[in-house]
2 protein chains.
Amino acid sequence: MVSAEIPDPDGLASRVVSLHFTVIIAAKATEAKQGGKALSESAAPPSKADARSPGQDAASSRPAVRSRPTLRTIAAETGLAVTTVSRALAEDPHIKAATRALVRAAADRQGYVPDRAAQRLRTGRTRVVQLLLNLDHEFLGVTHELIGGLSEALAGTGYSVTIFPDLIGEDRLARVRRIVETRLGDGVIFNRTEPFDPRVRYLLEQGFPFVSHGRTEFTTPHPWVDFDNEAFARIAVERLIAKGRKRLLMILPPANFSFAQHLRWGAVAAAKGAGIICEIPEAITLDTSERETIAWLRHRLSQPDRPDGIIGVGEVAAMAALAAISDCGLTPGDQIDVVAKRASAIFDLMRPRIDTMVEDLRLAGRTMGETLLRTMAGEDVSQLQVLHQPLIEF
Amino acid sequence: MVSAEIPDPDGLASRVVSLHFTVIIAAKATEAKQGGKALSESAAPPSKADARSPGQDAASSRPAVRSRPTLRTIAAETGLAVTTVSRALAEDPHIKAATRALVRAAADRQGYVPDRAAQRLRTGRTRVVQLLLNLDHEFLGVTHELIGGLSEALAGTGYSVTIFPDLIGEDRLARVRRIVETRLGDGVIFNRTEPFDPRVRYLLEQGFPFVSHGRTEFTTPHPWVDFDNEAFARIAVERLIAKGRKRLLMILPPANFSFAQHLRWGAVAAAKGAGIICEIPEAITLDTSERETIAWLRHRLSQPDRPDGIIGVGEVAAMAALAAISDCGLTPGDQIDVVAKRASAIFDLMRPRIDTMVEDLRLAGRTMGETLLRTMAGEDVSQLQVLHQPLIEF
DNA sequence: ACGCATTATTGAAACGTTACAAACGGGGCT
DNA sequence: AGCCCCGTTTGTAACGTTTCAATAATGCGT
């Protein structure tokens, strides 16, 4: 067991990391000594402009980062002032078009890329979007799809996505506050929103750009992207009723999340309208472990008044239901039916096939990214809220 | 359809983002005007030290970020020089212990957090780990688990994880080069490593810290974390043989990835040793769409010389196999068996249950993070390579 | 030619931090 | 007493950018 300590200037508790090795393979110990010679196909020759500090690669433990082109090197090459170069690259109309072109050419030739740290220090803007992610509970593809969509929306804008772990048991507001107070990003995106989510309230107060995945019940409008879980639940109930099912069952997310409410409303309303009931167990939620969920369902399905229709809110729930159904010797489509919400192609791989509705999380991620960009651009999006409808597949 | 444009000073192609709304709900338009009054439970009172720029919140479109405590404010409060404060907070032994304590106290009182941008500008270190992620192909939990493990390893170290999208069809080396050249991070982590991965070669040349998920065949050692796919394949073959299976089938990842080779070696060697064959189709890989894979498998399973044992390299492959088996009227455990590699709890939810081995991707992520930290700390980890063994569950 | 209003460019300062070299004070030694 | 040296502390400069105010260059009318 080896350990390494990393300095922690943030004032957070430092900790010692340790490696548990299963096997260590020692490869042939060829000395890996190479000069800092960059591959020649790289960017462009550093130009004859007088780059300072020609070489100091000997002592420095950090690799000799071949001094990057900067505004100054461009200024030197073009004979202009640094200020002019800066403004030219920003396409400032105060700068003559010809000059702008000249500067741009020089910048391209040198392979100039602005230094993020310097920009950030000067302007206070980070060009970072913080994505709060629950790293414990989300299952299957949601993280992947959310990030994928977000990245799509941000591609080419200069913004990058940073993952901000949102562990359970932690104060979720504190996480957001840290981002705002220490300016860790220009905007925040998070999910698992609550009806009176303190994060939303705080971010609104601070005027800090954000988009939540899920609505709140604040009267103050704020940007959000949500899936119409109420519609999903309603349609699912109707579908099961159409199949002649009368005793429905649905497992909800933990009650503190907004979408748990929506699901409940949708299902209860639809069931009541048809004069049947939709059972919603208290003891168990979507965050309950698979093992427990299956055990509970097995028990429930072996009772005389067992449900004959199950609404799977998400893939794991649906699969758990199918497993329990199978374990009880029942057959979906025969004595019981399952309608599920899906976010990936996983049910294409499941047998028997069941009715599903799609929640396109990649689209959600993309929309959140786009909405956040607009919010950060200063657009008034307090009225801008996007509700995605379930895509019905039966 | 609405559109917004974001300035793009990076010189990358700018693009217009567009929003496709499914439904727009207009919430009640309560004016969301609040003062920048921060919640009082926040960090700490800003101290009586002379913070410059008392207020300029009127005109600025950006929210009035209540001027943060800085080294200077601490210096003012303690009557020390900025330099001293800086070194004291860095626990520099040149600074008297009493002074250090004094400074630390003042820093805590003011709620000081060092400005990342300034540190970064000055030191050239970003405190960011770039995680290259293929956002198209990875399936199910791998992204999630990898990020989760990585975050665990980095928690409390001051490093944060930034997602660097690694889209298919793009020049993967170019992505890494961009990170290094524009210093987007202090280290890189990536997966889907190739036997002679140009990224590894480049990063070694540059002396840039990285850890790859997967080995290479370079003679120069470099840090990597890998799963022993060869062992997995061997054990899977042996398991199927033990069940009396004689005609095995395994679908490989695209041939250019290292782990495709390892899987092949392991399976072929084990099969040859037992005098049977392990079929590896050319036409189809793990990156083939589920639909196509199932179709192919259905076709294959309906031929007279059909395989009687399938090795599922990953959850999707195994589920596709199970689906095809079911579609062909076969029963796992009866005429055919499946052994799969799993990375999530998903097979606990599958019926019938099959034999699986676990590739702990969260552990992989964690180990990669820890290894990267050590690499960045300057430790010579050129010899440090971690091979995780499959956890056998049968 | 002159002044005046634009237009185009520039210098200096600043963002918050760290690195370097220099200064300070005091004690121990000769 | 004088000297040197060590343990502490400090001033200055720099990282690369943007912004403000000020300057230089042009055009125009009179």
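The sequence lines fix the lettering, A, B, ..., with proteins before strands; numbering per chain opens at 1.
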For [N], does either OP1 or OP2 sit under 4.0 Å from a side-chain N or O belonging to [X]?
{"X": "Arg72(B)", "N": "dC15(C)", "value": "yes"}
{"X": "Gln119(A)", "N": "dG16(D)", "value": "no"}
{"X": "Thr70(B)", "N": "dC15(C)", "value": "no"}
{"X": "Ser86(B)", "N": "dT17(C)", "value": "no"}

Nearest-0.5 Å distance that lies between atom CZ in Arg175(A) and atom CD in Gln130(A): 9.5 Å
Confirm from the modelled atom types if [X] and [N] form a donor-acceptor pair under 3.5 Å, side chain to base only.
{"X": "Arg122(B)", "N": "dA19(C)", "result": "no"}
{"X": "Arg87(A)", "N": "dT17(D)", "result": "no"}
{"X": "Thr83(B)", "N": "dG11(D)", "result": "yes"}

For Ala117(A) and for Ala97(B), find the nucleotide of DNA chain D with the closest heavy atom, then tell me which residue's nucleotide is more 5'. Ala97(B)
Could you say whether Thr123(A) or Thr99(B) is positioned toward the 5' end of DNA chain D, judged by the nucleotide with the nearest heavy atom to each?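 Going by which nucleotide is closer to the 5' end, it is Thr99(B).
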Choosing from [options], which nucleotide comes nearest the side chain of [X]?
{"X": "Thr84(A)", "options": "dC15(C), dT17(C), dT10(C)", "value": "dT10(C)"}
{"X": "Asp115(B)", "options": "dT9(D), dG16(D), dT17(C)", "value": "dT17(C)"}
{"X": "Tyr112(A)", "options": "dC15(D), dT9(C), dT17(D)", "value": "dT17(D)"}

For Arg127(B), is there an ion pair with Asp186(B) - N to carboxylate O distance below 4.0 angstrom? no
Under 4.0 angstrom, heavy atoms only, what part of the nucleic acid is Ala118(A) near: base, sugar-phosphate, or nothing?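 Contact class for Ala118(A): base.
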Hey, does Arg120(A) reach any base, or is it just sugar-phosphate, or nothing, if we go heavy atoms under 4.0 Å?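 No contact.
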Lys/Arg cation over aromatic Phe190(A): Arg199(A), 6.0 Å, 45° cone: yes
What verdict does the salt bridge (Lys or Arg N to Asp or Glu O under 4.0 Å) test give for Glu181(B) and Arg68(A), after you've listed the backbone C-alpha separation in whole Å, the side-chain angles of each residue and the deciding distance to 0.1 Å? CA-CA 8 Å; Glu181(B) 285 175 356; Arg68(A) 287 217 283 148; over 6 Å; no
Is a side-chain donor-acceptor pair under 3.5 Å present for Thr162(B) with Ser160(A)? no
